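A short worksheet on the structure shown next.
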Amino acid sequence: MTLRLHDTKRGRKVPFEPLYDNKVTMYLCGPTVYNYAHIGNARPAVVFDLLVRLLRRDYELTFARNITDIDDKINAASVETGKPIDEITSRFIDAYNEDMSALGVLPPDIEPRATQHIAEMIAMIETLIANGNAYEAESHVLFDVSSHDDYGALSKRNLREMIAGSRVEVAPYKKAAHDFVLWKPSTPELPGWDSPWGRGRPGWHIECSAMAKKHLGKTIDIHAGGQDLVFPHHENELAQSRCAHDGTEFARYWLHNGFLSMDHEKMSKSLGNVVLVRDLIKTIPGEVVRLALLSAHYRQPLDWSDATIESARRKLDRLYGAVRGVDLPADLRAAAEPPAALLAALEDDLNTPKALAELFGLARDLNKTSDADERRRMTASMLAAGSVMGLLQTDPEDWFAGHAEGKLAGDEIDALLAKRKAARKSRDFNAADAIRDQLADAGISIEDSPEGTTWRRSD
RNA sequence: GGCUAGGUGGCAGAGUGGUUAUGCAGCGGCCUGCAAAGCCGUCAACGCCGGUUCGAUUCCGACCCUAGCCUCCA
C-alpha cells in the first residue's frame, strides 16, 4: 500500500515507510483516568483506531495505548472522594474501555499503566542526570531544556519567544522557565515511590518515554495524540527520549488530531458543555458517534452538536438502507475487498470524508441495479469497506429496528402491518392509511416495495 | 504579542491551475392507490485586495476574520 501521513514535525504529508520492513510500532497517548471519557477524548481513540485497522491490512502492527493512572487530578479526586487512587483509576479504566468499545474501537495490543513502570522511569531519569540533561533541585528532578539543541523542533517554537510570551510564574528551583519536572516529591498523604531523590512521584511526560521504550523500543514508527499534546507533552517526551538514548530518533511520524468544539464553543467544565461518551451512547448508537467523528478529516476542527449527530444518523440510514435485504453468503462476504478508491482515500492521510463519498457512490450504484449477483458483490464490497472503517457491522434489520424499545413491540408492529396488508388488498386505503398513521405516531415509518413492506424506527 | 492550522454552495464537508465531490435540505420528474425508500434531473460555492499565468477557488504576497497552542487539557 502507499500510505501517506501528515507528520507534525515535518509539517507536511510524507510517504509512510516503517523502520523495519513489515513491522510497525505505534503509540497513542491514552486517557488520564480520573473521570469518564468525554466526546473529545473519543476523537483520537476513534481516528487512530481507523489507522490501526488500515495498518493491520498490510503490516504486523504493535499498538500501545497508555493509561495515565498517577496524576494531580487523580490525587485531587482521591482527596475529594476519600477513595484510594487505584479504586478510582480501575473504575475509570474499565469505563473507558467499555465506552471506546461501544464506539467500535478495538483494544490495543498493549495498555501500559504509568504506576506499573515507575522503575523504568527512575532508570531513565538516572540516565538523564548522568548524561547532563537533568538536575536535582529541592527534591525535584528537572529536565534541562538548554541541554537539548533540537528542543522546539516538533512544536515549531523557540525558547526565546516562549519565554517572552510566558505568563507563568517560574518555580524558584528551576534553572530556566521551561525546564520541566521529571520527578517531584510527594507528601505523606499522596501516593509516592522511593527513589534516589526521596519519596516522590513522576512528572507527567516521563511515563510515555519510559513505556514506549520498554514496549516498542527506542525508536517507534508512529506517535499519535491530540493536537494539544504537541506542546509541551510531546516536545518534552521527544527531548527526554532522545537524550536518554544518545540521540536516537524517537518517533518517525508524529500524528495529531484536531480539536472538537461544542456548538462552536470550547468544551469546558466551566461552560458546562462537556458531553460524556457514556451519556451519549445511552440514547445514540455508538456507530452514529463513530461516523460523526469520522465525518470530518481528523486534522480539521470538528464541531459537535445535535445536527452533527443527526447528520451521522441519516448517513447510516442511507448506507444500511442500501445493503438491507441483500442475501449475502458468508464466503462471499469474507472474501470481499473494499473498493480501491476508498482505500486510496484512507491511505491519503486518512481522508475519511473522501472515503465516505466513495461509500455513498457504491450505495447509489447498489440501489440502482436489480441484478442479484451485482447486488451481492456490491454489498460485500460495502461491508468490507465498513469493516476497515469500523462501520456497517450491525445487521441492517437490527439497525432499523433500533436499539431502544419503542412504543410498540416488534410483534405488535407485525400484526398492524398484516392488518394493513389485508386492507390494501381489499383496496380499503382509508383503513390502510390509518394504520400507517398509527405506526408513524409510534415512530415507525414503513416502506412498501414489490417484495413486501419493511419498517424502520424513525425517531 | 508569538507559533500553528483554517476561512468552499442553505448546512455539514472533501478536492482541484481549465472538466459532477459526497451527505442533508430545496426544486422538477419517475416509481407508488397515496406515501416512504429509491432513481433521474436541477439550483447553488470557493473571505478581501493585489501578483504570477492564456486561465486561480487552487500558486505567491498583504489584509480581515476564526480556532488551537504558548499554563493542566484529546
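Below, read A as the first sequence line, B as the second, and so on, with proteins coming before strands; counting in each chain starts at 1. Here the structure is a predicted model, which means the values were calculated and not measured.
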Would you say the ring centroid of [X] lies under 6.0 angstrom from that of [Y]?
{"X": "A/H140", "Y": "A/W183", "result": "no"}
{"X": "A/F250", "Y": "A/H223", "result": "yes"}
{"X": "A/H297", "Y": "A/H6", "result": "no"}

OP1 or OP2 of B/G38 versus the side-chain N and O atoms of A/N367: is any pair under 4.0 Å?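 Negative; the distance criterion is not met.
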Any side-chain N or O of A/H256 under 4.0 Å from OP1/OP2 of B/G68?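 The answer is no; no side-chain N or O of A/H256 sits under 4.0 Å from OP1 or OP2.
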Could you write out RNA chain B as dot-bracket? Rules: Watson-Crick or G-U wobble, both distances under 3.5 Å, brackets [ ] for crossings, | for pairs with another strand, dot for unpaired. (((((((..(((.....[...))).(((((.......)))))....(.(((..]....))).))))))))....
Summary of protein contacts for nucleotides 23-28 of chain B, nucleotide by nucleotide, where a base hit scores B, a sugar-phosphate-only hit scores S (4.0 Å, heavy atoms): SSS---
I'd like the C1' distance from B/A56 over to B/G47, given in whole Å.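 Roughly 15 Å separates the two C1' atoms.
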Between the base of B/A74 and the side chain of A/R43, is there a donor-acceptor distance below 3.5 Å?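 It does not, because no donor-acceptor pair links the side chain of A/R43 to the base of B/A74 below 3.5 Å.
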Sequence neighbours left out, what passes side chain to side chain contact (heavy atoms under 4.5 Å, CB included) with A/T283? Give chain and number order.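 Once residues adjacent in sequence are excluded, A/T283 has no partner under the side chain to side chain contact (heavy atoms under 4.5 Å, CB included) criterion.
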Return the residues of [range] meeting this criterion: a heavy atom under 4.0 Å from some atom of RNA chain B. Order them by number, or give none.
{"range": "residues 104-111 of chain A", "value": "none"}
{"range": "residues 420-428 of chain A", "value": "A/R420, A/R424, A/R427"}
{"range": "residues 343-357 of chain A", "value": "A/N351, A/P353, A/K354, A/A357"}

Consider the side chain of A/D448, meaning its heavy atoms from C-beta on, and name the nucleotide among B/A14, B/G33, B/A35 that approaches it most closely.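 Given the options B/A14, B/G33, B/A35, the side chain of A/D448 is closest to B/A35.
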